[in-house]
Amino acid sequence: MAQIELSTIRKSFDGTDVLKGIDFRIEDGEFISLVGPSGCGKSTLLRIIAGLEPQNSGQVHIDGRPVDGIRPSARNLAMVFQSYALYPHLSTFDNIAVPLRMRRLSAIERLPLLGPLLPGRRAKERGIRADITAIAEQLDIAPLLRRKPGQLSGGQRQRVAVGRAMVREPLAFLFDEPLSNLDAKLRVHMRAELAELHRRLKATFVYVTHDQAEAMTMSSRIAVMMGGELIQVGTPAEIYNDPRDIRVAEFIGSPKINILPGRVRKDGGIDVLGSALRLACGATAGECRVGVRPERIDLGTGPFSGSVVHLENLGAEAFVHLAIEGAGLRLIARLADVRHLPAMGSPVAFGFASDAVQVFDPAGKRIPLRAEQSERVREPAHV
Amino acid sequence: MSHTHSVTLRAILRHLLLIAGAALMLAPFIWMISTASKPQTEIFSSELHLIPHQFALWDNLREAFAKANLLRFLLNGVIVTVSIFVLQVMVALPAAYALAKLRFLGRETLFALVLFGILIPPQATAIPVFLLLHKVGLLDSYAALVLPFTISVFGIFLMRQFFKTVPDDLVDAARMDGISEFGIVWRVMLPAAIPAVTAFGIFSVVAHWNDYFWPLIVLNSEQLRTPPLAVAHFRNNEAGTSYGPLMAAAMVIIAPLVIAFLFAQRRFIEGITLTGIK
């Protein structure tokens with residue numbers, strides 16, 4: 001229901017720059033995740049959008065209207081916090097009612113004792129009650145309305161917090177790591193629920209998380225932040241398959257992408273672990289780093305070899321940890337077929353297709369490749 | 001065997017020590033009850049006995065209530081302590097909220113000043129405050145008893161420490177919901193801080209109910225006297241101190257506190273352990 005535009009947002013705390021000029025546009029109805037390691041500034045950015053924190057410079061526009069200096073409540077955004085932030089002394093019903101009462105009742109009508117006696121208060125209360133009942137039905141929390149937050153489980157509190165956000169029909173929803181206090185199973189469940197909620201409400205969702213899995217599974221677009229900068233914005237598939245920076249490649253994906261030391265030759269060819277890849281790039285000769293996702297490593301065939309040092313069998317898939325002799329390197333390969341696991345300590349040959357390779361320069365920027373031939377990696381150049 | 005033996009021995013020693021301490025603390029109260037129950041002749045007799053030969057508590061109480069308007073003094077005590085406490089809360093909560101949750105220039109300096117304020121004994125400022133009240137013309141009134149204590153630096157400190165433990169998210173959620181900063185203090189922080197407010201209330205009420213020094217200085221009129229002054233009234237009798245009624249009156253004025261403590265005992269201990277102040 002709203003488009004949020006950020007232009008050159010800067011923020012510093014006590015002389016440290018937390019945000020270094022963020023330019024970003026969140027489209028109407030989009031589910032966007034701000035993802036990054038802790039301390040990258042993603043929560044600060046969310047709080048600036050919410051109006052809880054003033055930026056040092058730059059502007060925030062919501063629906064084309066500048067909102068700088070406007071109180072958080074007047075921006076008509078709703079926020080769900082990591083700790084849920086429910087009022088501990090109020091029942092679920094009253095918790096959800098707070099934003100409505102603050103908006104619909106006048107200051108006198110909100111007074112204790114005197115307020116309920118005023119004419120018109122009854123009708124407004126009835127409207128509030130109807131709205132809350134409707135929300136409670138949608139979120140399946142109707143039986144919990146009379147309980148206090150202390151009597152609810154984590155997942156229920158989460159739903160109440162979402163209800164409190166929904167009831168005011170905001171222009172956009174802001175989520176600040178809302179699932180990180182839940183246990184793993186519930187987190188996966190709530191992930192699906194939130195994505196479904198987004199599809200149903202068709203509202204703008206801005207979702208902050210440090211968990212790349214949450215970002216990958218729910219968002220329509222992901223914005224990866226590192227060190228106060230926006231490094232890459234794109235759909236989950238783009239971010240995963242086409243990272244523009246080695247930090248993005250390393251942050252997104254679990255287990256982590258394998259990074260191998262490589263070299264760009266003078267003719268543009270790339271060597272890795274003593275083998276030449278059938279790839280070329282326009283970069284200048286020198287060191288480079290080669291990334292290969294665990295699921296793109298083929299075990300059993302290929303020019304490289306390592307020994308199995310650890311096995312993680314998850315039932316549906318398995319991860320094989322390989323140590324590469326001489327290089328002091330470890331890498332992880334995903335095995336889809338868990339019935340044929342290599343023995344611990346045994347030597348295993350491996351390789352990877354050339355289109356599985358992502359090459360980064362020493363500064364971490366992606367080097368564009370041109371495939372010479374999309375074939376297997378050539379046999380070792382010198383044995 | 002010997003181990004458990006030594007433990008029990010130590011336990012006995014420990015308890016003996018505690019009993020001795022308790023006896024020392026309770027002795028004045030027991031003496032008070034004993035004296036209040038004796039007729040004048042027994043009080044001045046040279047032999048020492050706790051249990052009166054002739055039980056005269058009711059006579060002493062009757063005399064105490066007849067000689068002084070004790071009910072009026074108790075009411076004064078209630079008016080003064082409750083007003084002080086309510087005003088202290090009205091000042092301390094917003095101040096503590098600002099010191100704990102708002103970011104502004106000089107906040108740490110201000111908090112250091114609050115801590116510094118705790119170190120100043122009330123007697124040190126008594127004369128300037130007295131002169132001030134004199135200039136304003138408020139001496140010998142309820143206002144003189146209440147106003148100097150409305151800003152409790154201890155209260156600000158205690159509440160600030162408690163508010164520090166309230167998650168910031170809760171304050172932010174309230175801001176998102178459209179509650180004003182003062183609204184946050186009363187609608188969000190106060191309900192969350194009830195245990196701390198209770199603990200502070202007990203400290204405040206006990207201190208001001210029992211205060212002798214300040215009412216003695218600022219009051220002249222008899223009808224404004226607070227309970228401790230009322231007891232002193234019996235001593236100042238020119239005809240010699242009538243100890244029986246004095247002790248009976250003392251019993252009457254400490255009774256409300258003792259009863260209140262018995263009712264709020266759990267809360268009281270909770271409140272103190274909660275704030276980490278011993």
Side-chain angles (χ1 to χ4, degrees), chain A residues 13-14 43 46-54 70-91 94-105 107 110-112 148-150 157 160-161 164-165 167-168 170 172-178 180-181, chain B residues 86 89-90 93-94 96-112 159 161-201 266-267 270-271 274-275:
Chain A
F13 288 115
D14 303 326
S43 285
L46 193 74
R47 292 168 56 80
I48 287 173
I49 297 175
L52 293 169
E53 200 86 64
I70 291 181
R71 282 166 51 87
S73 56
R75 297 186 180 198
N76 200 10
L77 305 171
M79 190 151 166
V80 177
F81 294 87
Q82 180 178 357
S83 60
Y84 321 128
L86 299 174
Y87 306 111
H89 60 288
L90 296 179
S91 69
D94 288 325
N95 259 291
I96 301 178
V98 167
L100 292 184
R101 290 202 176 121
M102 293 312 295
R103 192 188 295 173
R104 294 187 194 169
L105 304 182
R110 285 198 304 267
L111 284 180
K148 294 262 174 80
R157 279 183 219 178
V160 175
R164 184 174 63 178
V167 76
R168 50 193 293 188
F173 289 83
L174 311 177
F175 294 88
D176 190 4
E177 312 215 4
S180 40
N181 282 4
Chain B
V86 168
V89 166
M90 283 174 70
L93 257 62
Y97 172 71
L99 288 173
K101 294 289 176 198
L102 300 183
R103 261 183 284 153
F104 55 89
L105 198 69
R107 182 177 81 165
E108 299 313 312
T109 320
L110 218 56
F111 182 59
M159 297 316 296
Q161 295 308 94
F162 191 84
F163 284 172
K164 273 269 169 198
T165 66
V166 175
D168 286 344
D169 278 359
L170 196 62
V171 177
D172 286 337
R175 287 185 187 139
M176 295 295 293
D177 284 346
I179 305 180
S180 68
E181 294 297 313
F182 270 105
I184 291 173
V185 174
W186 304 118
R187 286 164 176 273
V188 181
M189 300 306 262
L190 175 63
I194 285 295
V197 174
T198 315
F200 173 57
R266 248 190 58 203
R267 264 279 157 80
E270 260 173 23
L274 182 99
T275 51

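Chain A is the first sequence line, chain B the second, and so forth, proteins listed ahead of strands; every chain is numbered from 1.
Contact annotation for A:Arg101: neither backbone nor side-chain heavy atoms come within less than 4.5 Å of a heavy atom of chain B. For a residue to count as touching a neighbouring chain, one of its non-hydrogen atoms must lie under 4.5 Å from one of that chain's; by this rule A:Ala78 touches chain B with the backbone only. Of the two parts of A:Arg75, neither the backbone nor the side chain holds a non-hydrogen atom closer than 4.5 Å to a non-hydrogen atom of chain B. Heavy-atom distances place both the backbone and the side chain of B:Arg187 under 4.5 Å from chain A.
Across B:Pro167, B:Ala174, B:Ala192, the residue that shares the most heavy-atom pairs under 4.5 angstrom with chain A is B:Ala174. Top candidate by heavy-atom pairs under 4.5 Å with chain B, chosen from A:Gly51, A:Pro99, A:Ala74, A:Ala161, is A:Pro99.
Other residues, nucleotides and ligands contribute at most 12 non-hydrogen atoms within 6.0 Å of the CZ atom of B:Phe182. More than 12 heavy atoms of other residues, nucleotides or ligands shown are found within 6.0 angstrom of CG on B:Leu102.
A donor-acceptor pair is defined here as one N or O able to donate and one able to accept, closer than 3.5 Å; no such pair exists between the side chain of A:His89 and the backbone of B:Leu190.
Heavy-atom minimum distance, B:Met176 versus A:Pro72: SD-CB, 3.9 Å. Across every non-hydrogen atom of B:Asp169 and A:Ala85, the tightest pair is O-CB, 3.5 Å.
Using a 4.0 Å cut-off between charged nitrogen and carboxylate oxygen, B:Asp177 and A:Arg103 do not count as a salt-bridge pair.
Taking 4.5 Å as the limit, every side-chain heavy atom of A:Ser73 sits out of range of all side-chain heavy atoms of B:Ile179.
When each of A:Glu53, A:Met79, A:Arg47 is paired with B:Asp172, the side-chain contact (heavy atoms from CB on, under 4.5 Å) condition holds for A:Arg47 and for no other.
In this structure, the separation between CG on B:Leu170 and CG on A:Leu86 is 8.5 Å, given to the nearest 0.5 Å.
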